[in-house]
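What follows is a set of notes on a single structure, which appears directly below.
In each ligand, atom 1 is the first atom listed, and ligand 1 is the first ligand listed. Keep in mind that this is a model prediction, so the values were computed, not measured.
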Amino acid sequence: MDSQKRHPRTFSFEFFPPKTPEGVEKLRTARRTLAQLRPKFFSVTYGAGGSTRERTLETVLEIQAEGSAAAPHISCVGSSREDLRAVLAQYKAHGIRHIVALRGDLPSGAASAGELRHANELVAFIRKETGDWFRIDVACYPEFHPQARNADEDLGNFKRKIEAGANAAITQYFYNADAYFRFVDDCEVLGIDVPIVPGIMPIGNFSQLARFSDSCGAEIPRWLRLKLQGYGDDAASIRRLGLDVVTELCSHLLAQGAPGLHFYTMNRAELTSEIWHRLGL
Ligand code: FAD
């Protein structure tokens, strides 16, 4: 963990672009609350194949207009180089200097995988097209990406993204701090020296979290899964345990030198701001 302690701490909050006018309103309300916590930036996800292209940009511009920094995500799956060039030009024209670059996941039944196969190719493409204009964050996986052939290869593939020119990384969420500490130590051995900011998923709805964790390869430890499952429809108990567990996780990560936290807010302020206040940030 030693190399991570050298990086200044960065706190950020992630949103997805809402689909409906009600969703837009709800996100505005959440954002107002979260903006008071003064994160370094908000990030806004991007649908595979450019499916949220306009909504991602609109959300980012609205955040910027409110006086906060915002970073749109961009993903290469299902897109041509020409599509990506157009998105980058649009971001650049709006003065956006920070992006999160991902491969993305193809929806089932999608026709084309796109021209760039992996996020390292996307990072190299962004650098080739736009030089140093953007600060580029990428994703990494302390519990390893579900499609990785093995853990070492996944780590090597993460290194390719840094070598291609990424400035920092945000992790997939996890509830086992040791997985993060081990991952960071392994990165240090490989000479990876960018901030690796833990991604934090507050626990609200258990069945949704369980479904999502199964597909993205993030483990809910057995004891936690069974306890949450045992609460059934008792939302108050799920909330109470979730807040305790996630606050303890964040506190441990920061105490051991993690360079900040990135919250997957699911467009809601309540759990994230409660954890924030409990941490005394
Ligand atoms: P990659 O780095 O390309 O890795 C994907 C897989 O391919 C891994 O198994 C890796 O080991 C392997 N691999 C990588 N490079 C190579 C190579 N050169 N040769 C062979 N194998 C390779 N998804 C969205 O659609 N939109 C979003 O906005 C979004 N935001 C996210 C934000 C964060 C912080 C995180 C952690 C994830 C996000 N995702 C998003 C999900 C992400 O797109 C998926 O996890 C996706 O499956 C992998 O994306 P990646 O950029 O990590 O891909």
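When non-hydrogen atoms are compared, ligand 1 lies under 4.0 Å from the side chain of Y141 (C-beta onward) but not from its backbone. With a 4.0 Å heavy-atom cut-off, ligand 1 is reached by the side chain of R160 but not by its N, CA, C or O. Contacts between H118 and ligand 1, counted as non-hydrogen atom pairs separated by less than 4.0 Å, involve both the backbone and the side chain.
Of the protein's non-hydrogen atoms, N157 ND2, 3.5 Å is the one closest to atom 12 (C) of ligand 1. The nearest heavy-atom contact from the protein to atom 24 (C) of ligand 1 is Y46 O, 3.6 Å. In terms of protein heavy-atom proximity, atom 47 (O) of ligand 1 is closest to D105 OD1, 2.5 Å.
Remark: D83 does not engage R53 in a salt bridge, criterion side-chain N to carboxylate O under 4.0 Å.
Aromatic ring centroids of Y141 and F158 lie 6.0 Å or more apart. In this structure, F41 has its ring center under 6.0 Å from that of H98. Ring pair F181/H252: centre-to-centre distance below 6.0 Å.
With distances taken over non-hydrogen atoms, the option nearest atom 51 (O) of ligand 1 out of R103, H73, E14, Q172 is R103. When the heavy-atom distances from atom 35 (C) of ligand 1 to A139, S75, G104, S43 are ranked, the shortest goes to A139. In this structure, of T56, L102, T45, the residue bringing a heavy atom nearest to atom 40 (C) of ligand 1 is L102. Considering G156, S51, A119 only, the shortest heavy-atom separation from atom 3 (O) of ligand 1 involves A119. Across T52, N120, V44, heavy-atom proximity to atom 18 (N) of ligand 1 is greatest for N120.
Taking any N or O of H262, backbone or side chain, none lies under 3.5 Å from an N or O belonging to ligand 1. For ligand 1, the polar-atom distance check against A101 finds no nitrogen or oxygen pair separated by under 3.5 Å.
Every heavy atom of V100 sits 4.0 Å or more from the atoms of ligand 1. Look at Y264 and you'll find a heavy atom under 4.0 Å from some atom of ligand 1. Not a single heavy atom of F16 sits less than 4.0 Å from an atom of ligand 1.
Taking a cut-off of under 4.0 Å to the non-hydrogen atoms of D154, the atoms of ligand 1 that pass are 8 (C), 9 (O), 10 (C), 11 (O).
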Going through the distances and angles, do F206 and Y231 end up as a ring-ring contact (aromatic ring centres under 6.0 Å, His included)? CA-CA 9 Å; F206 172 66; Y231 288 138; 9.6 Å; no
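Contact of the Y175 side chain with the I203 side chain is registered, since non-hydrogen atoms from C-beta on lie closer than 4.5 Å.
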